[in-house]
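Have a look at the structure below, then the notes.
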Amino acid sequence: MLVLKNKINVNTILFFLCIGVTYFNFFELTFMVWLLSFLITIKNVYTKELVKYILPYAIILVIAIVISFFYDSSLYSKIKDFTYLFKPILGILLGYQLLRSQPKEAFKTIIKTGAIIAIIHLFLVIKSTITLGSFNVNYIRTVGGYFSDFEVYVIIILIFYKKFDLEYSLKKRNTLLLIVSFSCFLYLSRTNFIQFIILYLGLKGYLLFTKKAVKIIFISLITVSIAYGSIWYINPKRQGKGLEAFLYKIKIAPIEPFKTRIDKEDWKDFNDNYRSYENITTIKQVSHGGILSVMFGKGLGSNINLGRKIRTNDGSDIQYIPILHNGFMTVFLKSGILGVCFLILFIILLYRQKRSSNPLINHINFMLMATAVFLIVSNWVFMGLYLKLDNKSIIIGYLLALRFSIFKNLEDQNTSNQE
């Protein structure tokens, strides 16, 4: 019993470290912590179901490795690209391995981790506001971070805490929910707001194809459209402060990923529509290599020439980029259309969850389905599971392991009852 308890404690600490390290925006450190944690918790046996989810990402990586032999690039660039493309596989495996507890304790581990991260973030925001003497959105996001997908999962679990068999008092649940929600709001991330809506609809069962679900989604779209129309009418300015700066980012959000004509010499147009510029440039440069490049990409070590230098969030100036904001385009660059097809296949597999007679398994499935839907947005905006700050792959692996654990417990109980 003591050995099991120590094992649980070690895995809980590793879970916190693996999630927490992603907030440092230091990919090499993240990869090292994840790899070491993987080696510490490695299992002898894995389920076929887990292999099914890893396979699409593994094929994308294999295509990129094979194609890289036909193009010249430095060994360093190839190794770095390998770690980027291997990260989702490592994350799913790691999340699967880190589960060593019963469902209630597993969800509590997620909540405790989210609460600690939220408190640290609130401290950074308060400190930066006091230091600056005012609430500046851009400065606060630079100091505290640009988004927190993990905290959104924590919020959803706390909202539906009874569905996950969590025996929190209402006071404790509300306190945790307030702390994490306030922290998440202060990221002022458009993507996190979208993520919350999708996960909430998913846990309510509205992402299934039913008449009621279609009606709810339609009403939600109308509400969002009216809200967006109000923001457009207010017409927040680009150089606005506080809430106005955030509303401006919402105003340009629907146009930003799809604009086809961008003047790279106009810094306002270039900056506001940079993601579109990346996509357009990638398609042009990959297509220039012919049908083989389009089908299979340019492999590990490939990059895109932006045609001008840009300033990154860490303060460096670059012109050649190995990865893009758009996950689909990043895979297109490395593994071509074939790779993009396998990325889409992963999203489909994750969405197609079977109904269960067990309510807890059903809600885990709802969470996985909602994650699949959100990955469409996440891949388009922020590289999906490939992003160096991303930790959703760990959550996916963790939820898959949790579901398998519940299935196994139910089978053992049925066997015992039959005997």
Side-chain angles (χ1 to χ4, degrees), residues 5 7-23 37 41 91 94-125 144-145 147-187 189 192-193 195-200 202-204 359-371 374 389-406:
K5 189 174 181 181
K7 218 173 198 181
I8 292 171
N9 289 339
V10 169
N11 279 48
T12 300
I13 293 168
L14 288 176
F15 183 86
F16 172 76
L17 289 175
C18 289
I19 296 296
V21 72
T22 59
Y23 286 82
S37 299
T41 59
L94 183 56
Y96 191 85
Q97 292 175 185
L98 287 174
L99 182 75
R100 287 288 192 280
S101 56
Q102 295 302 314
K104 290 179 185 178
E105 293 304 316
F107 285 115
K108 283 180 180 178
T109 297
I110 294 174
I111 291 169
K112 287 174 185 176
T113 301
I116 294 170
I117 290 170
I119 290 168
I120 294 171
H121 178 238
L122 288 172
F123 172 77
L124 290 173
V125 170
F147 62 92
S148 180
D149 292 354
F150 185 80
E151 288 180 60
V152 178
Y153 281 100
V154 176
I155 292 168
I156 291 297
I157 292 170
L158 286 169
I159 289 174
F160 295 94
Y161 74 112
K162 289 184 179 179
K163 303 292 185 182
F164 295 107
D165 292 342
L166 288 168
E167 297 173 351
Y168 285 141
S169 67
L170 189 60
K171 183 180 178 181
K172 184 175 181 180
R173 175 261 196 171
N174 289 343
T175 301
L176 288 167
L177 184 58
L178 179 64
I179 291 170
V180 181
S181 298
F182 189 48
S183 167
C184 196
F185 172 77
L186 289 176
Y187 284 100
S189 166
N192 281 158
F193 282 107
Q195 180 191 5
F196 173 78
I197 293 169
I198 291 172
L199 290 182
Y200 183 83
L203 265 293
K204 294 290 283 186
L360 182 55
I361 291 177
N362 256 344
H363 282 87
I364 291 172
N365 287 344
F366 285 160
M367 186 86 83
L368 291 170
M369 291 172 67
T371 300
F374 176 62
L389 299 171
D390 186 79
N391 46 46
K392 289 189 292 296
S393 56
I394 290 180
I395 298 170
I396 291 169
Y398 201 73
L399 291 174
L400 290 173
L402 184 56
R403 186 176 65 182
F404 177 73
S405 175
I406 298 168

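Here, residue 1 is the first one in the sequence, and each next residue gets the next number.
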Open item on the list: Any non-hydrogen side-chain atom of Ile198 less than 4.5 Å from a side-chain atom of Thr371?
Closed with: no
Task: Non-hydrogen atoms of His121 and Gly144 that approach each other most closely - done: CD2-O, 3.3 Å
Task: Side-chain heavy atoms of Phe15 within contact of Ile110, under 4.5 Å - done: yes
Task: Non-hydrogen atoms of Phe164 and Leu360 that approach each other most closely - done: CA-CD1, 3.7 Å
Open item on the list: For Phe160, run the ring pair (Phe, Tyr, Trp, His ring centres under 6.0 Å) check against Phe107, Phe366, Tyr153, Tyr200 and tell me which one passes.
Closed with: Tyr200
TODO: Assess whether side chain to side chain contact (heavy atoms under 4.5 Å, CB included) is satisfied between Ile19 and Tyr398, documenting all intermediate values.
DONE: CA-CA 12 Å; Ile19 296 296; Tyr398 201 73; over 6 Å; no
Task: Interatomic distance, Ile394 atom CD1 to Leu94 atom CG [nearest 0.5 angstrom] - done: 4.5 Å
- [ ] Fit a plane to each ring of Phe193 and Phe185, take the angle between them on a 0 to 90° scale, and name the class: parallel (under 30°), tilted (30 to 60°) or perpendicular (over 60°).
- [x] perpendicular
TODO: Determine, stepwise, if the pair Thr41 / Val10 fulfils side chain to side chain contact (heavy atoms under 4.5 Å, CB included).
DONE: CA-CA 10 Å; Thr41 59; Val10 169; 5.9 Å; no
Open item on the list: Looking at every heavy atom in both Arg173 and Leu158, which two are closest together, and how far apart are they?
Closed with: NE-O, 2.9 Å
Open item on the list: To check you understand the geometry: which heavy-atom pair defines the closest contact between Leu14 and Ser37, and what is its length?
Closed with: CD2-OG, 3.6 Å
Task: Inter-residue atom distance Phe374.CZ - Asn192.CG, 0.5 Å rounding - done: 6.5 Å
- [ ] Enter the distance from Ile111:CD1 to Leu177:CG here, rounded to the nearest 0.5 Å.
- [x] 10.0 Å
Open item on the list: Quick check: do Ile117 and Val154 have side-chain heavy atoms less than 4.5 Å from each other?
Closed with: no
Open item on the list: Tell me if the aromatic rings of Tyr161 and Tyr168 count as close, with their centers under 6.0 Å from one another.
Closed with: no
Task: Value rounded to 0.5 Å, distance of OG1 in Thr22 from NZ in Lys392 - done: 10.0 Å
Open item on the list: Give me the atom names and distance for the closest heavy-atom approach of Ala106 to Leu99.
Closed with: CB-CD1, 3.5 Å
Task: Non-hydrogen side-chain atoms of Ile395 and Asp149 separated by less than 4.5 Å - done: no
TODO: Using atom types as modelled and distance alone, determine if a side-chain donor or acceptor of Thr175 lies under 3.5 Å from a backbone N or O of Lys171.
DONE: yes
Open item on the list: Once rounded to the nearest 0.5 Å, what's the spacing between atom CE of Met367 and atom CG of Leu399?
Closed with: 6.0 Å
TODO: Answer yes or no: are there more than 12 heavy-atom neighbours, outside Lys108 itself, under 6.0 Å from its atom NZ?
DONE: yes
- [ ] State, yes or no, whether a side-chain contact exists between Phe147 and Val152 at a heavy-atom distance under 4.5 Å.
- [x] no
Task: Nearest-0.5 Å distance, CD1 of residue Ile157 to CG of residue Leu166 - done: 7.5 Å
- [ ] Indicate the atoms forming the closest heavy-atom contact of Ala370 with Gly202, along with that distance.
- [x] CB-CA, 4.0 Å
Open item on the list: Quick check: do Ile119 and Phe123 have side-chain heavy atoms less than 4.5 Å from each other?
Closed with: no
Open item on the list: For Ile179, is there any backbone N or O sitting under 3.5 Å from a side-chain donor or acceptor partner on Ser183?
Closed with: no
- [ ] Please step through ring-ring contact (aromatic ring centres under 6.0 Å, His included) for the pair Phe150 and Tyr23, ending with a clear verdict.
- [x] CA-CA 10 Å; Phe150 185 80; Tyr23 286 82; 7.5 Å; no
